[in-house]
Amino acid sequence: MINKLIYGIDLLSRTVGHAFAWCLMILTLGTSYEVFVRYVLNEPTSWAFDFSYLMYGAMFYMAGAYTLSRGGHVRADMFYRLWQPRTQARVELALYILFFFPGVLALVIAGWAYGYGSMRILESSVNSPAGVPIWPLKMLIPFGAGLLALQGVAEVLRCIQCMRGNAWPQRLHDVEELEKQILEEHARKVALESAQGAAR
């Protein structure tokens, strides 16, 4: 039951993360268009700056839970990586309770007040005459933080499972960094060569 709940939350975070990853493609196209019309046609747009921070901001707010579900947030692991999984889980559980949840819940509450206030007045950007609406971006703050808190629940359950079995539960398979793929391929080759050498 716990593993199904962890899987369900991970799946939700991955789905939202993948959906908002398209903001990067839209941002790239928009910026490329702006560079073309500004430097080739000498007719810069009035909305490019607002557009760029809206796309980047949306991706940033909504990718936090996805990154946490992948174990991708920054961690000072010079000691952590040497510990047994059970010890890692105990330390992580304490840190989630003491620091993560208070901070994220404060962000949900403050973000809701900030975003709702912006939505009520239909706030638009003052950085350009285009008047690009920015209240949708501000409303993403509490939703992104809420999704991050939900993923935090999955991580706490993952810690509990690890403390029981002294092994971390599997994470969803997803896109990997090329560097990680190269290192894993190298490790497989070394293991295969060692096995072949031992067989001789």
Side-chain angles (χ1 to χ4, degrees), residues 1-24 27 53-119 123 134-177 179-180 183:
M1 178 64 181
I2 291 179
N3 286 335
K4 284 185 178 179
L5 185 56
I6 293 171
Y7 175 81
I9 296 172
D10 281 354
L11 190 59
L12 174 63
S13 295
R14 185 176 77 176
T15 303
V16 172
H18 283 191
F20 276 86
W22 284 99
C23 289
L24 183 59
L27 174 60
Y53 79 71
L54 286 173
M55 288 296 104
Y56 182 76
M59 186 174 60
F60 178 81
Y61 291 146
M62 300 307 289
Y66 168 75
T67 306
L68 184 60
S69 75
R70 302 285 298 133
H73 285 284
V74 174
R75 169 187 285 135
D77 63 352
M78 55 191 167
F79 301 116
Y80 176 92
R81 63 184 171 182
L82 303 174
W83 298 338
Q84 290 292 317
R86 186 173 281 127
T87 305
Q88 293 175 344
R90 286 178 182 146
V91 171
E92 281 204 21
L93 182 60
L95 294 175
Y96 274 111
I97 293 168
L98 291 173
F99 299 106
F100 178 83
F101 284 112
V104 171
L105 293 177
L107 184 58
V108 170
I109 294 165
W112 175 257
Y114 184 64
Y116 182 71
S118 179
M119 185 181 70
E123 185 178 5
I134 58 172
W135 65 265
L137 177 65
K138 292 186 177 183
M139 279 301 294
L140 285 180
I141 297 171
F143 290 108
L147 193 59
L148 187 60
L150 184 61
Q151 185 61 46
V153 170
E155 296 305 311
V156 164
L157 295 175
R158 194 172 261 117
C159 289
I160 292 169
Q161 292 289 79
C162 182
M163 287 189 294
R164 288 179 180 165
N166 200 29
W168 286 103
Q170 285 284 359
R171 294 188 181 272
L172 287 179
H173 181 71
D174 198 7
V175 178
E176 296 289 352
E177 294 279 342
E179 179 184 14
K180 184 175 180 183
L183 289 172

Can you tell me how far apart CG (Leu11) and CD1 (Ile6) are? Round to the nearest 0.5 Å.
13.5 Å
Give, for atom CG of Leu150 and atom CD1 of Ile9, the distance between the pair rounded to the nearest 0.5 Å.
4.5 Å
Do Tyr61 and Leu137 pass the side chain to side chain contact (heavy atoms under 4.5 Å, CB included) test, and can you show the C-alpha distance, the side-chain angles, and the key distance before you say yes or no?
CA-CA 9 Å; Tyr61 291 146; Leu137 177 65; 3.6 Å; yes
Could you tell me if the side chain of Tyr66 sits less than 4.5 Å from the side chain of Leu147, heavy atoms only?
no
Counting C-beta onward and ignoring hydrogens, is there a side-chain heavy-atom pair between Ile134 and Tyr53 closer than 4.5 Å?
yes
Examine distances only and state if a side-chain atom of Ser118 and a backbone atom of Tyr114 form a donor-acceptor pair shorter than 3.5 Å.
no
Sub-3.5 Å donor-acceptor pair from the side chain of His73 to the main-chain atoms of Gly64, do we have one?
yes
Ignoring hydrogens and angles, tell me if any N or O in the side chain of Thr87 forms a donor-acceptor pair with the backbone of Trp83 under 3.5 Å.
no
Can you find a heavy atom in the side chain of Trp168 that is under 4.5 Å from one in the side chain of Cys159?
yes
Before giving the answer on side chain to side chain contact (heavy atoms under 4.5 Å, CB included), spell out for Trp112 and Met139 the whole-Å C-alpha distance, their side-chain angles and the decisive distance to 0.1 Å.
CA-CA 7 Å; Trp112 175 257; Met139 279 301 294; 3.3 Å; yes
Is it the case that atom OH in Tyr116 sees more than 12 heavy atoms from other parts of the structure closer than 6.0 Å?
no
With a 3.5 Å distance limit and no angle check, can you tell me whether Asn166 reaches the backbone of Arg86 through a side-chain donor-acceptor pair?
yes
Rounded at 0.5 Å granularity, tell me how far CG in Leu148 sits from CE in Met62.
10.5 Å
Testing the 3.5 Å rule here: is there a donor-acceptor pair between the side chains of Arg158 and Gln161?
no
By salt bridge (charged side-chain N to carboxylate O under 4.0 Å, His left out), Glu92 pairs with (sequence neighbours left out) Arg75
Side chain to side chain contact (heavy atoms under 4.5 Å, CB included) between Val108 and Phe143, intermediate numbers included
CA-CA 7 Å; Val108 170; Phe143 290 108; over 6 Å; no
Please state whether the rings of Phe100 and Tyr96 are parallel, tilted or perpendicular, taking 30° and 60° as the class boundaries.
perpendicular
Do you see a donor-acceptor pair shorter than 3.5 Å between the side chains of Gln151 and Ser69?
no
Mind running side chain to side chain contact (heavy atoms under 4.5 Å, CB included) on Phe20 and Leu140 for me, showing each step along the way?
CA-CA 11 Å; Phe20 276 86; Leu140 285 180; 4.1 Å; yes
Is there a side-chain contact between Met119 and Lys138, using heavy atoms and a 4.5 Å cut-off?
no
Can you tell me how far apart SG (Cys23) and CZ (Phe60) are? Round to the nearest 0.5 Å.
13.5 Å
